[in-house]
Amino acid sequence: MTDFLLEVGIEELPAGFLSDAIAEWKSFIPASLVENNLSCDTVNIYGTPRRLAVLITGLPLQQEDCQEEVKGPNIKVAFKDGQPTKAAEGFAKKQGVELDDLVIRTTGKGEFVFVDKVIIGRMVADVLVEIVPQWIFNLQGERFMRWGDGDLRFSRPIRWLLALVDDQVLPMALVNGSKIVNSDRISHGHRVLHPKSINIIKASDYVEALRHAYVIVDIEERKALITKQIQTAAAKINGHTEIYADLLAEVTNLVEYPSAVIGNFEKDFLRLPVDVITKIMVSHQRYFPVFRGYNDMELLPNFITISNGDPNKSDIIATGNERIIRARLADGRFFYETDLRNSLDSFLPKLANVTFQKDLGSVLDKSRRISKIAALISKHLHLGKDDSYNICRAALLCKADLVSQMVNEFPELQGIMGEKYALASREPELVAKAIFEHYLPRSADDILPQTLTGQVVGLADRLDNLVSIFSLGIIPTGSSDPFALRRAANAVINISWSGNLAVNLHQLLLQISTDFVEVHDIDKYKLIRSLEDFFLQRIRTLLQDEKQIDYDLVNTVLGENNPEYTARTLQDLLDIRYRAILLQEMRQKGTLDQIYEIINRSVKLAAQGELEVNQLDPEDIIDTELFQKPSEVAFYEDILRMRPQVQAVLESHNYQQLVIALTKIAPTVNNFLDGPESVLVLDPDPVIKHNRLNLLGILRNYSLLIGDFRMIVKNL
């Protein structure tokens with residue numbers, strides 16, 4: 001067994017590319033080994049800004065021999081009158097075997113000539129020489145560049161190539177025009193702390209050899225070290241810092257030998273909003289802000305940066321970073337103080353100069369549409385006068401901060417500054433909060449808006465995006481979604497679910513689209529159909545992926561090409577969620593199994609009758625004079641006793657009581673169908689048959705209030 005080490009030396013890589021490349025290699029290299037009939041013990045992927053490396057342990061020296069069955073021509077072509085034809089001779093020659101080695105086997109398409117070949121395993125070193133360039137140049141990324149005068153492209157120029165099989169250099173070369181990078185055992189240490197090249201004696205020495213050269217190649221080790229250093233540094237100044245995951249990942253990919261450096265700035269800058277200071281530090285300078293304590297949002301006049309320089313020169317490094325942060329904070333203070341000289345609503349006219357989308361007008365036009373939609377939602381939800389005022393005011397102002405100097409310089413602060421400027425302008429607190437919250441959620445793992453005002457404005461903003469962009473025919477396909485419309489639709493659904501807002505999506509889309517087509521010449525009904533289909537897809541996805549509802553139960557509540565179920569879904573987003581969760585809980589508790597059989601049989605038999613699915617009153621369609629057995633009477637009486645539960649579903653969506661009633665009626669239905677007092681449902685007398693099918697039809701219709709049980713896979 002042998003170990004193989006590959007290190008690709010590169011000029012400083014972008015942090016994002018390094019993360020992606022490591023992830024790709026973790027997937028691609030093991031698959032490549034399997035594809036080439038190579039086993040191993042471990043595959044360890046390493047990376048720093050200047051290198052990508054893989055150390056593979058437990059490789060064999062040679063591939064194992066393998067057998068291959070090669071199919072040749074049909075026997076009728078290969079042999080004529082028992083003698084081999086030129087086709088058989090040519091096939092044998094091509095495969096390097098004698099005619100006597102040919103065998104005849106029967107396949108689904110007749111008899112064919114075959115050859116059983118033993119393929120001798122190649123030396124692993126020879127295989128590696130072929131596949132290593134694929135590992136390097138199959139990596140994906142943006143803005144790849146050429147270097148030298150060749151056609152090879154990579155994220156940054158490749159400067160050296162280290163390739164060892166145990167203690168032997170694996171001879172290989174990357175040829176890029178006149179530039180040739182030959183493999184060697186030479187690597188390079190830290191640019192500052194160990195500028196000399198280093199010889200790697202054998203592959204297994206790699207990690208420790210680089211450590212002695214002040215390079216920590218294991219990305220997880222660097223990340224853990226950085227975390228510990230940050231916490232230690234914060235404790236030195238009696239503070240606490242939050243370890244932002246994205247920032248930690250980025251700085252880990254920017255350094256080879258990290259050291260935490262503490263910097264300071266003037267306390268006067270702490271008059272700026274905390275969000276401004278932290279955004280400047282985190283997003284622009286890659287600093288970790290320091291707070292006074294746990295769960296305390298009060299900042300200390302300090303920051304922690306992760307240096308890739310000489311730890312003994314931390315004071316000089318700190319001074320340079322302090323100079324930068326002072327300038328950035330001074331800019332922030334200027335923008336903030338300048339913006340505060342005007343009220344937030346005074347920014348509105350400037351939105352007319354900001355284009356939302358070239359065919360959809362300005363951001364001011366959009367703000368007016370959001371305000372109108374927000375008023376419509378308030379009316380649909382039957383909100384009071386005060387709530388409606390706050391919602392409409394927040395909707396009108398929610399984009400005003402986009403033309404402030406602060407947000408123009410730091411776009412990440414949109415909404416955050418809007419809230420602060422609204423409070424400074426003496427807008428109601430709920431209005432200010434909604435300006436921030438209407439952007440939530442900003443990502444898949446972000447929080448949802450908590451106030452009713454923020455929820456409604458958030459819905460209005462996203463519904464405007466969806467209707468207006470869909471009207472242009474820009475509908476997400478595959479991975480293409482430039483306007484993040486899937487995320488917008490998900491937000492509409494999740495905000496409604498989170499806030500328990502009984503949103504009638506059908507009516508809202510109808511009204512918004514009607515108002516929109518008055519200005520834009522488009523087919524309203526085609527637009528509405530596209531939007532509703534899109535929302536149904538998102539509801540299905542969210543129920544399965546986020547609510548963890550089994551796929552067949554999602555089909556049960558959504559129905560299959562069932563206009564009635566589609567209408568129910570779009571008319572009440574809370575109802576579809578509740579029914580799906582209820583069915584999932586019934587499956588987990590075993591309740592679903594108790595009623596599945598009787599409902600399923602009722603549905604199948606009732607399909608042979610003519611009862612409409614919206615018929616819920618048994619007294620209107622059941623003739624008790626036609627009953628012949630006690631089981632029919634019992635069935636009918638139990639159906640009558642279920643009417644209060646059915647009414648509760650219709651009035652307040654109280655499905656739980658209906659489930660209990662269905663569970664109780666199960667024995668009665670079993671007796672009706674299979675018990676000692678069972679009846680022949682499909683009686684020769686058409687009148688009796690019709691009456692019995694109506695009994696089963698009523699039960700089917702009650703079950704349809706929960707879902708279409710035909711969609712359930714019993715043994716899932």
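Start at 1 with the first residue, then count along the sequence.
- Just one of Arg185, Arg51, Arg50 meets the side chain to side chain donor-acceptor pair (under 3.5 Å) condition when paired with Glu7; it is Arg51.
- With Asp708 contributing its side chain and Arg710 its backbone, the two residues share a donor-acceptor pair below 3.5 Å.
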Query raised in the report: Hey, mind stepping through Tyr287 and Asn321 against side chain to side chain donor-acceptor pair (under 3.5 Å) and telling me if it holds?
Result: CA-CA 9 Å; Tyr287 297 163; Asn321 282 277; 2.6 Å; yes

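- Under a 3.5 Å cut-off, the side chain of Asn74 and the backbone N or O of Lys76 do form a donor-acceptor pair.
- Shown here is Asp246, whose CG atom has no more than 12 heavy atoms of other residues, nucleotides or ligands within 6.0 Å.
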Requested in this report: Kindly determine whether Arg587 and Asp552 satisfy salt bridge (charged side-chain N to carboxylate O under 4.0 Å, His left out), including the steps that lead there.
Outcome: CA-CA 11 Å; Arg587 169 167 280 164; Asp552 64 321; 2.8 Å; yes

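- At a threshold of 4.5 Å between non-hydrogen side-chain atoms, the residues Leu13 and Thr48 do not count as touching.
- For Arg146 and Asn176, the side-chain atoms include no donor-acceptor pair closer than 3.5 Å.
- Within the 4.5 Å cutoff, no side-chain heavy atoms of Tyr551 are placed close to those of Arg540.
- Note: Asn138 CG to Ser32 OG = 9.0 Å, rounded to the nearest 0.5 Å.
- One side chain, Asp550 or Gln584, offers a donor N or O that lies under 3.5 Å from an acceptor on the other.
- Between Phe144 and Phe17, the distance separating the two ring centers is shorter than 6.0 angstrom.
- Look at Arg122 and Asp126 and you find no salt bridge, because none of the NZ, NE, NH1 or NH2 atoms lies under 4.0 Å from a carboxylate O.
- Annotation: Phe79, atom CZ; neighbour count of heavy atoms from other residues, nucleotides and ligands within 6.0 Å is above 12.
- Between Glu221 and Arg211 there is a side-chain heavy-atom pair separated by less than 4.5 Å.
- With sequence neighbours excluded, no residue forms a ring pair (Phe, Tyr, Trp, His ring centres under 6.0 Å) with Phe291.
- Less than 6.0 angstrom separates the ring centroid of Phe470 from the ring centroid of Phe534.
- Looking at heavy atoms from C-beta onward, Arg191 lies in side-chain contact with Glu12 at the 4.5 angstrom threshold.
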Report task. Starting from the C-alpha separation in whole Å, work towards a yes-or-no answer on side-chain contact (heavy atoms from CB on, under 4.5 Å) for Leu6 and Leu161. Result -> CA-CA 7 Å; Leu6 170 71; Leu161 189 66; 3.8 Å; yes

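- Using a 4.5 Å cut-off on side-chain heavy atoms (C-beta onward), Trp135 and Val8 make no contact.
- Annotation: cation-pi pair Lys71/Phe112 present, NZ/CZ under 6.0 Å from the ring centroid and within 45° of its normal.
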Query - Verdict with supporting geometry, Asn253 and Ser19, side chain to side chain donor-acceptor pair (under 3.5 Å) - result: CA-CA 7 Å; Asn253 290 338; Ser19 289; 2.5 Å; yes

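- When all heavy atoms of Ser314 and Val261 are compared, the closest pair comes out as O-CG1, 3.6 Å.
- Looking only at distances, no side-chain donor or acceptor of Thr241 sits under 3.5 Å from a matching main-chain atom of Ala234.
- A donor-acceptor pair under 3.5 Å is absent between the side-chain atoms of Ser480 and the main chain of Thr477, judged by distance alone.
- Without hydrogens or angle criteria, Gln285 side chain to Ile280 main chain gives no donor-acceptor distance under 3.5 Å.
- Going from atom CD1 of Ile493 over to atom CH2 of Trp497 covers 6.0 Å, rounded to the nearest 0.5 Å.
- Pairs passing the ring-ring contact (aromatic ring centres under 6.0 Å, His included) check and including a residue from residues 164-209, sequence neighbours excluded, read Trp160-His188.
- With contacts defined as side-chain heavy-atom distances shorter than 4.5 Å, the pair Ile539/Thr569 qualifies.
- The main-chain N or O of Met145 is never found under 3.5 Å from a side-chain atom of Arg156 such that the two would form a donor-acceptor pair.
- At most 12 non-hydrogen atoms from other residues, nucleotides or ligands lie less than 6.0 angstrom from CG of Asp315.
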Report task. Please report the C-alpha distance between Ile29 and Ile56 in whole Å, then the side-chain angles of each, then the deciding distance to 0.1 Å, and finally whether the side-chain contact (heavy atoms from CB on, under 4.5 Å) criterion is met. Result -> CA-CA 10 Å; Ile29 291 179; Ile56 305 172; 4.2 Å; yes

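- Proximity of Ile180 to Leu174: side-chain heavy atoms (C-beta onward) are nowhere separated by under 4.5 Å.
- Remark: of the listed residues Ile200, Ile201, Asp205, Asp3, Ile200 is the sole one forming a side chain to side chain contact (heavy atoms under 4.5 Å, CB included) with Leu164.
- Considering every non-hydrogen atom in both Leu152 and Val175, the closest pair reads CD1-O, 3.4 Å.
- Side chain of Asp545 to main chain of Leu542: no donor-acceptor pair is present (N/O by atom type, distance under 3.5 Å, no hydrogens or angles).
- Taking OG1 of Thr252 as the reference point, atom NZ of Lys223 lies at 5.5 Å (rounded to 0.5 Å).
- Here the shortest heavy-atom pairing between Leu543 and Arg577 reads CD2-CA, 4.3 Å.
- Gln63 places no side-chain N or O within donor-acceptor distance of the main-chain N or O of Val124, the cut-off being under 3.5 Å.
- Under a 4.0 Å N-O distance rule, the pair Arg105/Glu69 qualifies as a salt bridge.
- A distance-only check finds a donor-acceptor pair linking the side chain of Ser183 to the backbone of Met172 [under 3.5 Å].
- Residue Leu248 holds its CG atom at 10.5 Å from CZ of Arg222, rounded to the nearest 0.5 Å.
- A donor-acceptor pair shorter than 3.5 Å can be found between the side chains of Thr2 and Asp166.
- In this structure, CD1 on Ile22 lies 14.0 Å from OG on Ser27, to the nearest 0.5 angstrom.
- In this structure, Asn37 contributes its side chain and Glu64 its backbone to a donor-acceptor pair below 3.5 Å.
- Note that the CG atom of Leu536 and the CG atom of Leu531 stand 11.0 Å from one another [nearest 0.5 Å].
- Side chains of Phe288 and Val251 form a contact here, defined as non-hydrogen atoms less than 4.5 Å apart.
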Query raised in the report: So Asp149 and Ser178, side chain to side chain donor-acceptor pair (under 3.5 Å) or not? Walk me through it.
Result: CA-CA 6 Å; Asp149 54 3; Ser178 61; 2.8 Å; yes

Report task. Check the pair Phe154 / Leu139 against side-chain contact (heavy atoms from CB on, under 4.5 Å), numbers first and verdict last. Result -> CA-CA 8 Å; Phe154 203 64; Leu139 288 172; 3.9 Å; yes

Requested in this report: Apply the test side-chain contact (heavy atoms from CB on, under 4.5 Å) to residues Gln544 and Ile549: give CA-CA distance (whole Å), side-chain angles for both, the deciding distance (0.1 Å), then the verdict.
Outcome: CA-CA 5 Å; Gln544 289 184 210; Ile549 308 297; 5.5 Å; no

